[in-house]
Participant: 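Okay, handing you the structure first.
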Amino acid sequence: MDVRDEANWWLFSVDPEDRRERITATDTGAREVNPATADGRHLLEYRSYIGLDRLLSCQAPSSRVPDERVFIVTHQLFELAFKQMIFDLSVVAATLSRLLEKEDEEFLYLCSSADEEFWLPSLTASSRIIYAGRTVLPVCLGYLAPGENGSENFSSREFRSFRPNLQPASGFQSAQFRLIQRALGKENFLGIRIFPAEEYWKNYESGEEPGPARVVDPVILRADVAIAAPSPGSPFHIAATLDDLAHRVLARLSPPGGKTAPGVAAISPDRVEEAFEGFYRLLSAQRNLQEQAGEIPADAQEKDRRAKTFFRGDLEAAVERENRRRATLGPAREGARYLRALAPRKCLVLVLDRLSAADTALHGPQEESFLSQHLHITARRIKDLSDLAHQEGKPEPPRGTGGGGVPYLAHVKRYLLPLFPALVAWKDDE
Ligand code: HEM
């Protein structure tokens, strides 16, 4: 990403005093948009304002297949929507951070008020986050979804002819998506080594996979690790702190006596055990498929043993960290109860409800969630590819990522993501 091009984007403010001020060239790194010429004219054009030349010249298909174009454009539409979501999460985080700087009296007033000047940026931002999760992403995904009544926007047969050209790249490498997950309370989930990264190791590092990887591992995300796991100096950092900021606001609202309240319910050992069993079933199903295709690797047993050890160790550590955190969130849950009673339907309640609903829209188990719809598409497309390969007498067993990660996506959605919801203390009080 070109930092200079990004500079204006991140020079936003939620401060009622200065947020409507124009960005001038004297602001660090900023670009002055539409300055006056010496004779007082303005030369801005639609095209230069929205960077149209660059935007419309960054599609480079690998093949002559017409359907490859919509494959690229759909992913680009998503990344733009993700960019806007990250920005909107940052606006809410910046507002909560500002709120925490206020003295007690003003803090309480703002938490329980409909103060437009203060809350407007967060109200529109949280509304957009929900709109993206519920509407924009599913609609864009429709370009690649299986059609109805024989009407298809995208053909698996055509997909098959260009998908191999793209190895090892995959949507798995969307760092912006990982940052959204981090903002929505999934930091502990992101530390679990579960995903096969064989193709990435082989292609990027000319090396052997040392075992399954975290989705934010540099071998998967490359330079974009700095987006998915931003350091404090990065403009992306504020979004990464959103879940924590929301809990700090709630804890401060805890009434006297609530400070010693018992924590939020811990993740139960049964759910952890279910996740292990699901993972073991997944590994053996993958091996069965490979066996049927006569492609089982010689070191399969050793690899599976290592994958199980990593997964068990990391999941136990992630759950322990999450439970330790939940144990400290009693005051935040009491604050949530107090806020809902004190100021129902006021701005802060609306914003927190929307964040929690956006998490469900993205990660929830319901059929319409982004991950359910994406899984539906992936399962169908990858199955079509396998069927076509079979028809041609070329068995195509799952092979790690770069197309073969579907069972992992299903496992994560069913067993892992529900353990790490956004705003857990807010949700716990519902
Ligand atoms: C024909 C359409 C698509 C297919 C067949 C497909 C396939 C896959 C597969 C197989 C994976 C698992 C990783 C792997 O094996 O490489 C994956 C992951 C992912 N894909 Fe897609 N995908 C499609 C469209 C999209 C679109 C349009 C997006 C939008 C950005 C997207 C975003 C993602 C993300 C974020 C992940 C990681 C999800 C997670 O870890 O929970 N995919 N995709």
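Just so you know, these numbers use all the heavy atoms, side chains as well, and skip hydrogens, waters and symmetry mates. Start at 1 and go down the list; that is how both ligands and their atoms are numbered.
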Participant: Number the atoms of ligand 1 from 1 as they appear, then name those within less than 4.0 Å of a heavy atom of L409, with their elements.
Facilitator: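 Near L409, meaning under 4.0 Å from one of its heavy atoms, ligand 1 has 11 (C), 12 (C), 17 (C), 18 (C), 38 (C), 39 (C), 40 (O), 41 (O).
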Participant: Provide the number and element of each atom of ligand 1 under 4.0 Å from a heavy atom of L141.
Facilitator: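 In order of numbering, the contacting atoms are 27 (C).
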Participant: Taking the non-hydrogen atoms of Q373, is any one of them nearer than 4.0 angstrom to ligand 1?
Facilitator: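 It does not; every heavy atom stays at 4.0 Å or beyond.
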Participant: Which of the listed options, F172, F195, Y200, holds the heavy atom that is closest to atom 13 (C) of ligand 1?
Facilitator: F172
Participant: By number and element, which atoms of ligand 1 are closer than 4.0 Å to a non-hydrogen atom of I377?
Facilitator: 2 (C)
Participant: Does T74 come within less than 4.0 Å of ligand 1, judged by its heavy atoms?
Facilitator: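 It does; at least one heavy atom falls under 4.0 Å.
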Participant: Who gets closest to atom 2 (C) of ligand 1 by heavy atom: L137, L144, D67?
Facilitator: L144
Participant: Check the angle between the aromatic planes of Y200 and Y204 and answer parallel, tilted or perpendicular using the 30° and 60° thresholds.
Facilitator: parallel
Participant: For atom 42 (N) of ligand 1, which candidate among E199, Q176, H374 provides the closest heavy atom?
Facilitator: H374
Participant: So, F87 versus F12, ring centres under 6.0 angstrom or not?
Facilitator: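 F87 vs F12: aromatic centres under 6.0 Å.
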Participant: Where the closest heavy atom to atom 9 (C) of ligand 1 is concerned, which of L385, T378, D384 has it?
Facilitator: T378
Participant: Which ligand 1 atoms does S170 reach within 4.0 Å, using its non-hydrogen atoms?
Facilitator: 13 (C), 14 (C), 16 (O)
Participant: Would you say F159 touches ligand 1, if touching means a heavy atom closer than 4.0 Å?
Facilitator: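 The answer is yes: ligand 1 sits under 4.0 Å from a heavy atom of F159.
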